[in-house]
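Naming convention: chains lettered A, B, ... in sequence-line order (proteins, then strands); numbering from 1 in each chain.
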Amino acid sequence: MAETDKSLQELDGLFAAARSEPRALPDHLSAAILADAAHVQPGGQPAAPARAARQPLWRQLAEALGGWPALGGLAAASAAGLWIGLAPPAFMPDPAALAGYEDSSTAFADGSYDMALMLSEDLQ
Amino acid sequence: MNAAAEEASDDALLVLYANGDSRAAAELTARLGPRVYGVAMRVMGIRAEAEDVTQEAMLRLWKMAPEWRPGEAQVSTWLYRVAMNLCIDRKRRARGGHVDLDAVPEPPDPGRSAVEHLQDGARQDALQAALMQLPERQRQAVVLRHLEELSNPEIAGIMDISTEAVESLTARGKRALAAALAGRREELGYSDG
């Protein structure tokens with residue numbers, strides 16, 4: 001029993017000596033832990049905002065044209081142009097004529113000849 | 001690190017870290033890192049393993065920070081628990097592997113003679129060797145109780161067992177250590193007087 005007590009006392013002395021050891025992290029471990037901390041820290045990742053700032057192509061195109069107000073005006077003008085093209089108002093000139101096609105009534109320069117005159121010329 | 005951060009609680013520092021304060025991480029690492037590393041070193045017995053456990057436990061702390069609710073638990077208790085579970089996982093994976101006793105650091109103590117220094121080193125090596133002979137849970141309980149000087153209820157929380165179970169584990173562990181070291185008394189310079 002006395003032997004056991006002595007052993008336990010010596011063990012307590014060993015524990016005390018172990019506790020008194022200075023404790024410090026190895027430098028490389030401390031650096032690795034801090035690197036991990038910086039990497040996973042909320043809001044602390046420098047690469048994340050750059051990724052978040054990337055926008056889809058259609059949005060980039062819209063912004064290049066002047067944003068939503070400009071796109072709205074463009075859409076209204078396109079719709080109006082399409083409507084006028086399909087059903088032009090009466091006071092507007094014929095779009096076919098504007099495109100370079102002529103009416104069939106003006107296609108013949110000698111439309112003033114009549115059949116009798118032509119026949120009389122043949123008889124002469 | 002400024003004085004205010006040094007005086008802040010672990011809880012407060014963890015919240016600061018979650019809010020983007022990088023200095024809080026440095027202070028928490030300085031406070032908690034050596035404690036986790038010391039325990040992992042005693043429980044694993046291999047320096048490289050202890051370093052891996054410490055880094056992984058701290059990484060889990062950083063990741064958990066945004067969900068931490070101050071006042072509900074102690075950060076150190078949570079961290080010890082994570083570290084002890086990591087140790088168990090690694091021991092299970094490496095079962096059958098060797099124990100590298102040479103990896104246990106000797107305490108630098110320039111105020112002592114070379115003989116005393118060697119003797120202290122030999123005794124600490126013997127303590128570590130005896131610790132490694134204990135069953136895993138006994139070793140954890142003994143290290144947390146007698147080297148970290150944590151209370152039995154805190155150890156119970158870390159190991160997820162009752163306080164009575166902690167008392168039983170530490171008592172049995174201590175007896176086993178004493179028995180293991182008794183056979184090496186002369187070798188370690190203990191007199192019979």
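Using a 4.5 Å cut-off between heavy atoms, B:L147 contacts chain A through both its backbone and its side chain. Residue B:V142 touches chain A through its side chain alone, counting heavy-atom pairs closer than 4.5 Å. Only the side chain of B:E148 comes within contact range of chain A, judged by heavy atoms closer than 4.5 Å. Proximity to chain B involves both the backbone and the side chain of A:A37, based on heavy atoms less than 4.5 angstrom apart. Both the backbone and the side chain of B:A25 come within contact range of chain A, each with at least one heavy atom under 4.5 Å from a heavy atom of that chain. In this structure, the portion of A:L29 lying under 4.5 Å from any heavy atom of chain B is its side chain and not its backbone.
No side-chain donor-acceptor contact under 3.5 Å links B:Q74 and B:D10. When only modelled atom types and interatomic distance are considered, B:R35 and B:Y80 share a side-chain donor-acceptor pair under 3.5 Å.
Top candidate by heavy-atom pairs under 4.5 Å with chain A, chosen from B:K63, B:M58, B:H146, is B:H146.
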- Pair A:F15-B:R145, side-chain contact (heavy atoms from CB on, under 4.5 Å): steps then yes or no: CA-CA 10 Å; A:F15 285 147; B:R145 181 74 188 91; over 6 Å; no
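We find the CZ-CG distance between B:R23 and B:L28 to be 12.5 Å, quoted to the nearest 0.5 Å.
A:I33 and B:L59 fall within the same hydrophobic cluster, where Ile, Leu, Val, Met, Phe, Trp and Tyr residues are linked whenever their side-chain heavy atoms come under 4.5 Å apart, directly or through other members. B:L13 and A:L34 fall into different hydrophobic clusters, where Ile, Leu, Val, Met, Phe, Trp and Tyr are joined by side-chain heavy atoms under 4.5 Å apart, directly or via other members.
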